[in-house]
Structure formats: structure tokens, C-alpha cells
A.B. asks: 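Next up is a structure, given as C-alpha cells.
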Amino acid sequence: MAKLSITSQINFSFKICIFLFTVSTVSAQEPQKIEGKMGYNQPNQYMVKSAVKLADNMEPVMLFEQQNENAKKKLDELQKKTGKKPNIVIFLLDDVGYMDMGFNGGGNAVGNATADIDRYAHSGLILTSAYSQPSCSPTRATIMTGQNQIHHGIQSPPMYGQPGGLQGLTTIAQLLSAQGYTTQAIGKWHIGENEGSQPQNAGFDDFRGFLSVSDMYTEWRDPAYNPEVALSPDRFDYINKLPFNKSDVHASKGGKIENLYTIDTESIKDLDQKWMQYGVEFIKKQKGSKKPFFLYYGTRGCHFDNYPNSYYLGRSQARTTYSDCIVEMNDIFNTLMKAIEESGEAENTVVFFGSDNGPEAEVAPHGRTPFRGAKGSTWEGGVRGPAFVYWKGMIQPRVSDGLFDFADLFNTALSLAGKPGAELAKLVPPKTYIDGIDQASFWINDDGVSNRKSVFYCWNDEVSAVRIDEFKFMPIVQILNSVVQAGHIGGFSGTMQRSNASNMFNLYTNPQEDETVGIRHIPLGVPLQAEYLRYREVLKKYPPRTQISLK
């Protein structure tokens, strides 16, 4: 056996320890012993159980009547107390990895303390199997529409004036606005700059942030990263004239974008702080309001390039620009949560915390994951990130490995707003397929289990993999080092290829996904492949929509 270097041994041991920490934490649900049978039935495991179809244009759900009744009773009691529906906050980080936060074993252990985030996580429901799309714009569109990237069509990030957008799609903000919510978007948008796709035209009452992604405002300006552009006047002017917005902007519902100031390598240092203050002011204004609010908050951090301001420069133990940024994100989240507490809205506000994808791994320094792959891939490292839900007095502190897809935020938010389950199907066009599932009862019940049977991993307009329980079947795989052998190799490196029908992974015994168990575990491979084939039939009836793609 080849001897590992000291560094490799440490990294390998650390990843294994982190993984064991994550999956061995006690959950609220208990295994069920069946008299006269060997072993136990485990919670959140549905491989041989049938899901229920609520509407033709919605994914089938695992239906738990008592869990739903308990959740409804709890919500009704809260509404009687507060006189309004619950506030909903989605706090979305950029390119932050599963192992960056302390509640998943990172934090101090990787040189960036996240004490405040960890405190809220441990006071809420930690989701160890929460899934995004492989990259940022697809995930953001998924949150907005309840569709995966195969259906909404934004399959890769629009860059430097490339087309993209939400026009013609029904958004979470539009539907919540119709239910009487005040809707606010702050921070990173990156779902399309064309007029019909801008946030003030996609259901939000107000928007403050930027329309694209961090590096588009900096990399071509910085001689340290792109000297071939920054030090070439002709090339610099070419980029500067491309049709993308270069400013921190503001817009009100139905209005035009107002450019506040140009974002460059200096002004970007304080951008997250300015957005945080805007968020605090918004929350303060909601105090005593008879209307509930929906706040979609997308941070700039910690997408490269990171330019820490003077306060955060070197503040992390690791002293990298990435870890400094993580420390800043901890403080920003804590400040917003304090504002919610001080406004008196904490007991009526549910907060979802997550990252838009796994860590970007081509440009160092970057985030960390114990899993294979990174942003841009459908290995676990690309789509499985840190996530939890916090709701003071409503969500019992616990950890669950029940499957959760970011598309579920769409259904769950509308459920909390009074449109649960199949009622959502009536709010979208009949040709719109909703990939999300109502998870309100999963969140709210003290021992709630996931209502989702499976997760589909998307690559452009195709299904790359499907997971049920701890097993994952993968018909399309990424070979990260198939092209280059040096440097930082991440999810945008390498090639995609079709795999044999036996590529199946047990994510509990082999989270690194480097050991296929398909041939030895055919009894479970059969229902897993059947689920994959079921969704292929869905795609025949509700075909893929491609608006922007890497193909």
C-alpha cells in the first residue's frame, strides 16, 4: 500500500472525523423495532415505500397525516397569538462549503470561528442532507420557482452580458406578495439582468444589491488576478463596455434600476456591511406591522474575489481572505438575527440558512467539504452544503438526515403562508412542474421526518443522479482530473461521461463516493433505478427548458 504524506494523512483523518461527527449526532427520531424481525426500521428511509401524488404537476410526497395535523395545529395556535402569518427569511451564502461552519465540524477547526451561526444552528433543525443545484444561478432560480434547473432552464450562471432570466416563470415572491406579504430582496441576485428578470419585476417590493456575481465587479480590474485585462487599456475598455451592470443598485417594485455607485476593488470591501445595514433597517420597519414579511437575503461572501475591509482583514485564525470572510458572514447573520429579536418578531419568524452550492475549488483560498467534488459537479461536494432552519419556540433543536431540496423552500414558504400541499398546484400554470415538496410539517414537528422520498441531481438539462435513503444511483459522472493534473481542480474542471448501470454509492459507508456497490446491492438498486425512470417519464410530459446552459 502506498504511504500517504503527512499532509494527506491529516486531511483524510480530518474529513473522516468530520463525517462521523455529522452522521452520529443523535436525532429526535428513533429507530423502530418490529417484533419477530431482525434489525430496525430507520426514520427518513423510504426506499420500499410509496409516495403519494397530490397533483399531476407536482412531485409525489411521503404523506404523514398525523404529522401534518400536528403542524397545522401548531401554526393555527401561533397565528391566533400573533394575528398574522409567519415571517419567512432565506439567508443564502455564496460558495460556502459543508465543512466551513462549526455546527458541521468546521469553524474553529478550520481557522474561522462561527460561534453565533453555530448557536442558532444548534437551537434549530440541522439538515445534514440539504441539496442545492450544482452552481449559483441555477440554485437561486430553484428557490424562486420551486423547479430544478432542468425545468426552469437556468442551467449555468449568466456571465458578462450572457442571457439568462426568470421572465415567464412564477416566483415565490409573486405568490407570497399575493398572500399579503411584504417582499424584500437584498444582496446577490444573479438570475438575470434583463428587465423582466430583475427582482423588482419578479415579485419583490424592494431590492438592494447587485445583479450579478462578485468576481464580475473585480477580477478584470485587478492586476493581481487578470493582468492581461487590467494592464491592457483596450481589453479593459472592452470589458467595461459589455452590457452588464457594474453597480450596487436599488429598485422598487415595477420601477427602474437605480445605480448607487460603481463596485470596484475598493468599494467591494464594505459591500456586505452596507447590505447588512439595509437589512437591519428593513427588519426594524416591520416592527408592529400587520403584514408578514419575506426577506430573501443573499450575501456577497464568500465567493471569490474576497477583499476584506480593515476590520476583518486577518481577523480569522487562518488569516486567509476566505476565512476572514466567513468570520464576517457569522457577524452579519448574528446582527440580522439580533434585529429580528429586537423587533419582537422572533417567535413569528422562520429562518432558513444555507449556501447556494458546494465550495468553489478552482480558485484558492476556498471552502471545504468532506465529500467528493465541488461546485459545478453532482458529486456530494458540489450540491450538499451547510443548512439549518431556526424558529424560536416552534422548531425543536435536533439533527436530521431527512432529504431536503432547495426547491422545497418554494412549497414550504407557500404552505406557511396558507397554501399547503396540493393547493400550490392551483397557483402556477398547469404546464409548470413543481419539483419542490411541502416540508412545513417536517420542520415544525418535534420529531418530524422528511416528506421527500428522493433527490434528483441535475446536470444541464439531464438527471445526473438520484438519491433515496443512503443510496445514490449515478448514470452521469464527472471525472474532475481528466483534463488537467495540476493546480486546484474543482467542479468546473474535467469532463462528464455516461457511466455503467451499476454505479451506485452508499453515502453512509462511503461518503467519498469512490467505491461502487451496485452489483452487491441489486435488491435496492432496482427501486432506486425505478425512481430514476419515473422521473424520466415526468420529463416527457413536462419537458426540459433550456435558457442558458454549459452545453
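Positions are given from 1, in the same order as the sequence printed here.
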A.B. asks: Does this structure show an ion pair linking Arg140 with Asp94, if we count only N-O contacts that are shorter than 4.0 Å?
C.D. replies: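 Yes, charged N to carboxylate O under 4.0 Å.
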
A.B. asks: Please give me the minimum heavy-atom distance between Met101 and Pro386, naming the atom from each residue.
C.D. replies: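 Looking at all heavy atoms of both residues, the closest pair is CG-CB, 4.1 Å.
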
A.B. asks: Does Phe371 form a ring-ring contact (aromatic ring centres under 6.0 Å, His included) with Tyr98? I'd like the steps, not just the answer.
C.D. replies: CA-CA 9 Å; Phe371 304 116; Tyr98 188 98; 4.9 Å; yes

A.B. asks: I'd like to know if the side chain of Gln286 pairs up with that of Ser343 as donor and acceptor (distance under 3.5 Å, no hydrogens or angles considered).
C.D. replies: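 No.
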
A.B. asks: Taking 4.0 angstrom as the limit, do Glu341 and Lys392 come out as a salt bridge?
C.D. replies: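 Yes, Glu341 and Lys392 are salt-bridged.
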
A.B. asks: Answer yes or no: is there a donor N or O on one side and an acceptor on the other, between the side chain of Asp205 and the main chain of Thr183, under 3.5 Å?
C.D. replies: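 Judged by distance alone, yes, a pair lies under 3.5 Å.
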
A.B. asks: Specify whether Tyr535 and Phe456 have parallel, tilted or perpendicular ring planes, treating 30° as the upper limit for parallel and 60° as the lower limit for perpendicular.
C.D. replies: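 Tyr535 and Phe456: parallel rings.
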
A.B. asks: With no hydrogens and no angle check, do the side chains of Tyr433 and Glu59 hold a donor and an acceptor under 3.5 Å apart?
C.D. replies: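 A donor-acceptor contact under 3.5 Å links the two side chains.
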
A.B. asks: Using a cut-off of 6.0 Å, state whether more than 12 heavy atoms not belonging to Lys256 lie near its atom NZ.
C.D. replies: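 Count not over threshold, so no.
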
A.B. asks: Are the aromatic rings of Phe352 and Phe388 close, with centres under 6.0 Å apart?
C.D. replies: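 When the ring centroids of Phe352 and Phe388 are compared, they turn out to be at least 6.0 Å apart.
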
A.B. asks: Specify the closest pair of heavy atoms between Tyr296 and Lys188, including all atoms of both residues, with the distance to one decimal.
C.D. replies: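 It is CE2-O, 4.2 Å.
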
A.B. asks: When the ring planes of Phe91 and Tyr297 are compared, do they come out parallel, tilted or perpendicular, using 30° and 60° as the limits?
C.D. replies: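 It falls in the parallel class, under 30°.
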
A.B. asks: Please determine which of Thr349, Ile283, Leu336, Val350 meets the side-chain contact (heavy atoms from CB on, under 4.5 Å) test together with Val89.
C.D. replies: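 Per the side-chain contact (heavy atoms from CB on, under 4.5 Å) rule, the option paired with Val89 is Thr349, out of Thr349, Ile283, Leu336, Val350.
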
A.B. asks: Partners of Leu271 by side-chain contact (heavy atoms from CB on, under 4.5 Å), sequence neighbours excluded?
C.D. replies: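 Partners of Leu271 by the side-chain contact (heavy atoms from CB on, under 4.5 Å) criterion, ordered by chain and then number, come out as Phe210, Asp248, Tyr261, Ile263, Ile268, Trp275, Arg300.
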
A.B. asks: Could you tell me whether Asp401 and Arg467 make a salt bridge, using a distance below 4.0 angstrom between a side-chain N and a carboxylate O?
C.D. replies: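 Between Arg467 and Asp401 there is a salt bridge, with a charged N closer than 4.0 Å to a carboxylate O.
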
A.B. asks: Could you check Tyr457 against Tyr131 for ring-ring contact (aromatic ring centres under 6.0 Å, His included), going step by step and ending with a plain yes or no?
C.D. replies: CA-CA 9 Å; Tyr457 304 65; Tyr131 286 90; 5.3 Å; yes

A.B. asks: We want to know whether Ser177 and Lys253 form a side-chain donor-acceptor pair, criterion being a heavy-atom distance below 3.5 angstrom.
C.D. replies: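 Checked: Ser177/Lys253 side chains pair up, N/O donor to acceptor below 3.5 Å.
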
A.B. asks: Looking only at non-hydrogen atoms, find the nearest pair between Pro60 and Arg534 and report the distance.
C.D. replies: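 Where Pro60 meets Arg534 most closely, the heavy atoms are CD-NH1, 3.6 Å.
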
A.B. asks: Strictly distance-based, threshold 3.5 Å: is any side-chain N or O of Gln547 a donor or acceptor partner for the main-chain N or O of Gly165?
C.D. replies: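 It does hold such a pair.
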
A.B. asks: Could you tell me whether the side chains of Gln66 and Asn70 share a donor-acceptor contact shorter than 3.5 Å?
C.D. replies: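 A pair is found: one side chain offers a donor N or O, the other an acceptor, under 3.5 Å apart.
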
A.B. asks: Using every non-hydrogen atom in the two residues, find where Ala109 and Gly105 come nearest and quote the distance to one decimal.
C.D. replies: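 Closest pair (atom of Ala109, atom of Gly105, distance): CB-O, 3.6 Å.
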
A.B. asks: More than 12 heavy atoms of other residues, nucleotides or ligands under 6.0 Å from NZ of Lys33: yes or no?
C.D. replies: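 Yes, NZ of Lys33 has more than 12 neighbouring heavy atoms, counting only those of other groups under 6.0 Å.
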
A.B. asks: Set out, in order, the CA-CA distance, both residues' side-chain angles and the distance that settles side-chain contact (heavy atoms from CB on, under 4.5 Å) for Glu347 and Thr82, then state yes or no.
C.D. replies: CA-CA 9 Å; Glu347 292 184 357; Thr82 63; over 6 Å; no

A.B. asks: Kindly determine whether Ser441 and Asn68 satisfy side chain to side chain donor-acceptor pair (under 3.5 Å), including the steps that lead there.
C.D. replies: CA-CA 5 Å; Ser441 67; Asn68 289 338; 3.1 Å; yes

A.B. asks: Walk me through whether Phe282 and Phe293 qualify under ring-ring contact (aromatic ring centres under 6.0 Å, His included).
C.D. replies: CA-CA 10 Å; Phe282 168 76; Phe293 67 83; 5.5 Å; yes

A.B. asks: Hey, is the main chain of Asp270 close enough, under 3.5 Å, to the side chain of Asn309 for a donor-acceptor pair?
C.D. replies: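 Checked: no pair found.
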
A.B. asks: Can you tell me if Lys74 uses its side chain to pair, donor with acceptor, with the backbone of Asn445 under 3.5 Å?
C.D. replies: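 Not confirmed, Lys74 side chain does not pair with Asn445 backbone.
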
A.B. asks: Is it true that Asp56 and Lys541 have a side-chain N and a carboxylate O under 4.0 angstrom from each other?
C.D. replies: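 Yes, this pair counts.
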
A.B. asks: Using a 3.5 Å distance criterion without hydrogens, assess whether the side chain of Arg384 forms a donor-acceptor pair with backbone atoms of Gly97.
C.D. replies: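 Judged by distance alone, no pair lies under 3.5 Å.
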
A.B. asks: What are the two closest heavy atoms between Arg398 and Asp446, and how far apart are they?
C.D. replies: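 Arg398 and Asp446 have their closest heavy atoms at CD-O, 3.3 Å.
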
A.B. asks: Pairing donors with acceptors under 3.5 angstrom, does anything connect the side chains of Asn112 and Ser316?
C.D. replies: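 Their side chains do not contain a donor-acceptor pair, so the 3.5 Å distance test is not met.
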
A.B. asks: Does the Thr114 side chain pair with the main chain of Gly102, one donor and one acceptor, at a distance under 3.5 Å?
C.D. replies: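 Yes, because the side chain of Thr114 sits within donor-acceptor range (under 3.5 Å) of the backbone of Gly102.
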
A.B. asks: At their closest point, which heavy atom of His152 faces which heavy atom of Gln147, and how far apart are they?
C.D. replies: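 Between these two residues, the closest heavy atoms are CD2-O, 3.1 Å.
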
A.B. asks: Exactly one of Ile437, Thr412, Asp408, Leu127 should register a side-chain contact (heavy atoms from CB on, under 4.5 Å) with Phe442. Which one does?
C.D. replies: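 That would be Leu127.
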
